Amino acid sequence: MTHCSRLLLACLLAVPSALPASPTAAAPGPLATVAEHSGFQRTGRYDEVPVLAAAFQQRWPDRVRTVQFGTTPEGRPMQLLVVTATGAFDPAEARRRKLPVVLVQGGIHAGEVDGKDAGFLALREVLEGKAAPGVLDKVVWLFVPVFNVDGHERFGAWNRPNQRGPEETGWRTTAQGYNLNRDYLKADSPEMQAMLALVREWDPLAMVDLHATDGAQFEHDVSIQVEPVHSGDAALRKAGRQWRDAVIADLARAGSMPLDFYPSFLVEDDPSTGFADDVPPPRFSHGYFVLRNRLGMLVETHSWCTYPERVRTTRNTVVSVLEQMARHGARWRVEADAADARAARLAGKVEALAWDTTDATRTIDFRGYAYTRTPSDVSGALMTRYDETTPQVWRLPLRYQLVPSAEATVPAAGYLVPPAWAPQVQRVLDVHGVQYRRLGQPLEGVEVEAFRATTIDFAGQSFEGRQGLELQGDWQRERHDVAAGALYVPAAQPLSRVVLALLEPRAPDSLVAWGVFNNAFERKEYMEDYVTEQVAREMLRDPAVRDVFERRLAEDEAFAADPAARLEFFYRRHPAWDQRHGLYPVLRLEQAPR
């Protein structure tokens, strides 16, 4: 018997509201999902979501409100349930009363549909008083059963071939091909824009993103990752760690084997390489909410557990989250507000833009299975084969020490976006609710910091519909003229970390990294080689130029062997050279413009 099977048996014996014991056992009444009626062998199509939402509101009109918060590209409603016994169904009222708001999101990857069925199960049990009694008196619960609605309706039996159930499920990406859990910061998709509008409106203290992981076979049935724990506001990390550890303890008491890191091997398909406990970039949900000084949790049940087992674990997680928020949420809300105030005072401080683990490791006991790694006669590569009949404790390295891999000093005033680039940047600022103002007057000879790239590296292929760009370079003091209509984005605001993540060019999910400014880094003007040859011969009459050129030839073999690089040496010194090439269009200011 695998651990997941033992877990389900323990739940069936110990929990009064346990899952049906057989596929023919149907949960009672109209508030049960297709999944419950099938013994969690199947999941329903999306049309059951608005029907169920309406039924819950009709049954508990003083505790449930249903809201359509967006429409997908294929015209489907994006459904939200607002659940509370406080009467605060309006976000302004929730803010006025300082109530903790927790957003629980299912189906961002619609093939990983555990969150929808587990969320509705938890919802009914909480409303009936069978689980987490009294929590709705202290929290506002926002429940999005399915985020990627169009992907949910791309229904099929083999959409998740390395997942045990349900029989059919949805697709990972949206109808437009977006992976929504890569879209939090760039916010390209209509679905993400709707979600972030919901976030701006309600300002949830905590966000819980429900997934099912895949990959290796092992006994651990769920992982819980939270930020801030390693990153973000230093004082708020204490709340993040307390929340994570409390949920993990609740799950362990319920019979789970939870992990506090994402169980992805450092080298794919090789268990011996171990894991890294790292910090996610803000393209991911729990990497994004930390930038807002809020709590983000990634929940990953293990796809090799059966669907009933995964739903039970996800249900237990949701219940624990609500209990912990009811117990500690009011205090954590005060701490989050204090983090907002601290974020508005980051000017002049060094902030991490990205993190990486060092080689430092500690050895952990990890519950896996016996396995072999042998050459495959199909692929020719070493392949791992697991034996689930033989549980095994693996002694594996876990990289635990984190250091910033990119940093930036927060400008004293903020950022200046020239009018030519303002529309592209303004769209994203508005989506996130970042504060800015448009300048009505031009700035002449204003002292700024300008970033000039020394290395420009375009990605070799498209990712999420964009060609990425990586820059190396430095900020340096210059004077620039900036036309009227520029955007001034102050650093002194609660979302200062969002500003840094968007506008610092070396941030991993910045607008630069996602290719928004690619035009600014492409060579558009040129000098023909035969003209450059003539220019070079004229320049070489200058002994200083000749000395630098000959020294470069002697010291740099690659340069000496590259005719184009040798000609560019002279072109860059000619007045015809484009002085804007390699210049990042966004500037930094030490003094706010009037």
Side-chain angles (χ1 to χ4, degrees), residues 70 103 105 108-109 147-148 173-174 176-200 203-204 207 209 211 225 227-228 230-233 278-298 343 346 351-355 404-408 410 414-415 417 421 423-436 459 462-471 487 489 491 493-518 584 586:
L103 169 60
Q105 169 188 285
I108 188 171
H109 296 151
F147 184 7
N148 178 13
T173 58
T174 71
Q176 295 177 327
Y178 287 112
N179 182 340
L180 292 177
N181 207 27
R182 306 296 183 270
D183 198 34
Y184 269 92
L185 198 62
K186 63 183 175 65
D188 283 337
S189 65
E191 292 93 338
M192 185 58 71
Q193 291 162 23
M195 177 61 72
L196 291 174
L198 176 67
V199 169
R200 292 197 312 273
D203 186 23
M207 185 273 187
D209 193 5
H211 290 249
Q225 275 187 288
E227 287 297 336
H230 303 304
S231 66
D233 181 85
D278 55 12
V279 173
R283 67 184 61 182
F284 300 109
S285 59
H286 60 312
Y288 171 71
F289 278 84
V290 64
L291 301 182
R292 302 187 72 97
N293 311 307
R294 300 297 180 261
L295 305 173
M297 176 182 287
L298 175 69
L346 287 178
E351 274 290 304
L353 303 173
W355 298 80
S405 57
E407 295 178 313
V410 182
Y415 295 85
V417 184
W421 296 93
Q424 295 96 313
V425 176
Q426 181 179 343
R427 178 197 74 81
V428 186
L429 299 179
D430 287 340
V431 165
H432 294 288
V434 170
Q435 301 167 21
Y436 63 88
S462 171
F463 178 63
E464 288 294 297
R466 291 176 172 269
Q467 183 187 22
L469 174 61
E470 183 177 348
L471 301 179
L487 302 182
V489 186
Q493 59 176 300
L495 295 182
S496 59
R497 289 187 176 89
V498 175
V499 173
L500 290 172
L502 288 169
L503 298 182
E504 277 296 325
R506 293 189 299 119
D509 283 324
S510 66
L511 297 180
V512 163
W514 283 107
V516 170
F517 296 103
N518 279 5
Y584 175 39
V586 177

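This one's a predicted model, so the numbers in the text were calculated from it and none came from an experiment. Along the sequence shown, the residues carry numbers beginning at 1.
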Might you point out which heavy atoms bring Tyr584 and Leu503 nearest each other, and give the distance in Å?
OH-O, 2.6 Å
Would you indicate whether the side-chain heavy atoms of Val425 and Val417 approach each other to under 4.5 Å?
yes
Quick check: does any side chain N or O of Asp183 sit under 3.5 Å from a backbone N or O of Ser189, one acting as donor and the other as acceptor?
yes
Run the side-chain contact (heavy atoms from CB on, under 4.5 Å) test against Ala197 and tell me which residues pass, sequence neighbours left out.
Arg200
Show the nearest heavy-atom pair for residues Ser285 and Asn181, with the distance to one decimal.
N-OD1, 3.0 Å
Could you walk me through whether Val434 and Leu495 pass the side chain to side chain contact (heavy atoms under 4.5 Å, CB included) check?
CA-CA 6 Å; Val434 170; Leu495 295 182; 4.3 Å; yes
One should read off an interatomic distance between Phe147 CZ and Met192 CE, to the nearest 0.5 angstrom, of 4.0 Å
Taking only residues two or more places apart in sequence or in another chain, which ones pass ring-ring contact (aromatic ring centres under 6.0 Å, His included) with His230?
none
Partners of Gln176 by side-chain hydrogen bond (donor to acceptor under 3.5 Å, both in side chains), sequence neighbours excluded?
none
Distance check, rounded to the nearest 0.5 Å: Arg506 atom CZ versus Leu353 atom CG?
7.0 Å
For a 4.5 angstrom cut-off between non-hydrogen side-chain atoms, does Leu295 reach Met207?
no
Could you tell me whether the side chain of Asp233 and the main chain of Ala343 form a donor-acceptor pair under 3.5 Å?
no
Got a sec, which residues hit ring-ring contact (aromatic ring centres under 6.0 Å, His included) with Trp421, two or more places apart in sequence or on another chain?
Phe517
Partners passing side-chain contact (heavy atoms from CB on, under 4.5 Å) against Ala501 (at least two apart in sequence or in another chain)
Leu185, Pro282, Leu291
Side chains of Gln426 and Tyr436 only: does a donor on one sit below 3.5 Å from an acceptor on the other?
yes
Mind checking side-chain contact (heavy atoms from CB on, under 4.5 Å) for Arg283 and listing every partner two or more places apart, or none if nothing turns up?
Arg182, Pro281, Phe463, Asp509, Trp514
Flag side-chain contact, heavy atom, 4.5 Å: Val512 against Glu504
no
side-chain hydrogen bond (donor to acceptor under 3.5 Å, both in side chains) filter on Asp188, not counting sequence neighbours, yields Lys186, Arg466
Only counting residues at least two apart or in another chain, list the ones meeting ring-ring contact (aromatic ring centres under 6.0 Å, His included) with Phe289.
none
Which residues pass the ring-ring contact (aromatic ring centres under 6.0 Å, His included) test with His109, not counting sequence neighbours?
His211
Hey, is the main chain of Leu502 close enough, under 3.5 Å, to the side chain of Ser510 for a donor-acceptor pair?
no
Looking only at heavy atoms, what is the nearest atom pair of Gly232 and Val290, with distance?
CA-CG2, 3.7 Å
Any salt bridge (Lys or Arg N to Asp or Glu O under 4.0 Å) involving residues 286-295? Give me the pairs, sequence neighbours left out, ordered by first then second residue.
Asp203-Arg294, Arg294-Asp340
Hey, what do you get for OG1 (Thr173) to CG (Leu180), rounding to the nearest 0.5 Å?
8.5 Å
Stepwise, does the side chain to side chain contact (heavy atoms under 4.5 Å, CB included) test hold for Gln225 with Asp278?
CA-CA 10 Å; Gln225 275 187 288; Asp278 55 12; 4.1 Å; yes
Heavy-atom donor-acceptor pair, Glu351 side chain to Leu500 backbone, under 3.5 Å:
no
Full working for side chain to side chain contact (heavy atoms under 4.5 Å, CB included) between Gln424 and Leu511
CA-CA 9 Å; Gln424 295 96 313; Leu511 297 180; over 6 Å; no
Hey, is the main chain of Val499 close enough, under 3.5 Å, to the side chain of Tyr415 for a donor-acceptor pair?
no
Derivation of the side chain to side chain contact (heavy atoms under 4.5 Å, CB included) call for Gln435 and Val489:
CA-CA 7 Å; Gln435 301 167 21; Val489 186; over 6 Å; no
Side chain Gln467, main chain Ala459, donor-acceptor under 3.5 Å:
yes
Heavy-atom nearest pair, Leu103 first then Met195, reads CD2-SD, 4.0 Å
Residues in side-chain hydrogen bond (donor to acceptor under 3.5 Å, both in side chains) with Gln105, at least two apart?
Tyr184, Asp209
Shortest non-hydrogen contact between Ala513 and Ala507, atoms and distance:
CB-O, 3.8 Å
State which residues pass side-chain hydrogen bond (donor to acceptor under 3.5 Å, both in side chains) with Glu227; sequence neighbours excluded, sorted by chain then number.
Ser231
What heavy-atom pair brings Ala187 and Arg427 nearest, and what distance separates the two atoms?
O-NH1, 3.0 Å
